[in-house]
Every structure is written in structure tokens, then in C-alpha cells.
Asks: 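This is the structure I want to talk about, given as C-alpha cells.
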Amino acid sequence: MTRTGDGQGSAATAAAGGTPARVVLYGRAGCHLCDDARALVARVCAEVGATWVEVDVDVPGPDGVPPADELGEMVPVVDVDGVRRGYWRIDEGRLRRALAAGGGRL
């Protein structure tokens, strides 16, 4: 499963005009921490107007390799502007600072 903040799309792009999503949430079905992270990412991104997508780590990507091969049990994982910002328990303050920074490391 891959979804954007509105439930459609791909991991590489958000629904609006093929623009890259600022936030990528990597998770899996049946993961309670992923459920918590999804709710947090959806809420924060809606508040600040940021695009986001969700990638199911157990589904192979275009290269045929599932992201779980790289991430293992480290889900959920959140990247903002291509930079890893957190895993397991996602920190709301850190997510907000990363979105406010617009791409720099925190």
C-alpha cells in the first residue's frame, strides 16, 4: 500500500501535480506505532499544508525490493524532504521543526 495524505498516489509524488511529497511515512499493516504515526503525520501535515505519502514497507517498490529489506523492524519511519527524521515513536515537535526548516538538517 502506498497512499498520499488523501489516500491516493505513489511514494515519489503527491497527488497535486506530481510534486514530490515533503513527508514520507514508512509503515506496515498491523503496526500500532504506525497507526499512531499516521494520525500524527496526517494531522500535522494538514495543519501546515505539507504533502505526505505513506509507503507499506512490505510491498516491493519499482526495483522489486520491499523497503523492509532496508528498514527491517525500524517502522514507522518518517522522512522529511528526503532526510530521516524519526522512527518507532515519532516526535511531533521534531516533525514540525523539520517542516518549518524547509529541508535543512535539525
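From a predicted model like this one, the values you see are computed outputs, not experimental measurements.
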Asks: For Glu70, give me all partners under salt bridge (Lys or Arg N to Asp or Glu O under 4.0 Å), at least two apart in sequence or on another chain.
Replies: none
Asks: Return the CG to CZ distance between Leu71 and Arg84, rounded to the nearest 0.5 Å.
Replies: 5.5 Å
Asks: Checking the side chain of Asp91 only, and the main-chain atoms of Arg94 only, is there a donor and an acceptor separated by less than 3.5 Å?
Replies: yes
Asks: Do Val53 and Val23 touch side chain to side chain, with heavy atoms closer than 4.5 Å?
Replies: no
Asks: Working note: Val80 + Leu95, criterion side chain to side chain contact (heavy atoms under 4.5 Å, CB included); need CA distance, chi angles, decisive distance, verdict.
Replies: CA-CA 8 Å; Val80 177; Leu95 175 59; 3.7 Å; yes
Asks: So which heavy atom on Pro67 is nearest to which on Asp56, and how close?
Replies: CD-O, 4.2 Å
Asks: Is the closest side-chain heavy-atom distance between Val55 and Val24 below 4.5 Å?
Replies: yes
Asks: List in chain and number order the residues that pass side-chain contact (heavy atoms from CB on, under 4.5 Å) with Asp69, two or more places apart in sequence or in another chain; answer none if no residue qualifies.
Replies: Val65, Pro66
Asks: Mind checking side-chain hydrogen bond (donor to acceptor under 3.5 Å, both in side chains) for Glu73 and listing every partner two or more places apart, or none if nothing turns up?
Replies: none
Asks: How many angstroms lie between CG in Leu33 and CD1 in Ile90, if you round to the nearest 0.5 Å?
Replies: 8.5 Å
Asks: State, with a plain yes or no, whether a side-chain heavy atom of Val44 is found less than 4.5 Å away from one of Leu99.
Replies: yes
Asks: From Asp81 CG over to Arg22 CZ, what is the distance, rounded to the nearest 0.5 angstrom?
Replies: 4.0 Å
Asks: Which pairs pass side-chain hydrogen bond (donor to acceptor under 3.5 Å, both in side chains) with one or both residues in residues 39-49, sequence neighbours excluded?
Replies: Arg43-Glu92, Glu47-Arg96
Asks: For Ala98, does its backbone N or O pair with a side-chain atom of Arg85 as donor and acceptor, under 3.5 Å?
Replies: no
Asks: I'd like to check the salt bridge (Lys or Arg N to Asp or Glu O under 4.0 Å) partners of Asp58; sequence neighbours left out, ordered by chain and number.
Replies: Arg28
Asks: Please report the interatomic distance CE(Met74) to CH2(Trp88), rounded to the nearest 0.5 Å.
Replies: 7.5 Å
Asks: Compare all side-chain heavy atoms of Tyr26 with those of Val78 and state whether any distance is below 4.5 angstrom.
Replies: no
Asks: Only counting residues at least two apart or in another chain, list the ones meeting salt bridge (Lys or Arg N to Asp or Glu O under 4.0 Å) with Asp35.
Replies: Arg38
Asks: Provide the closest heavy-atom pair for Gly27 versus Cys34 in the form atom of the first, atom of the second, distance.
Replies: CA-SG, 3.6 Å
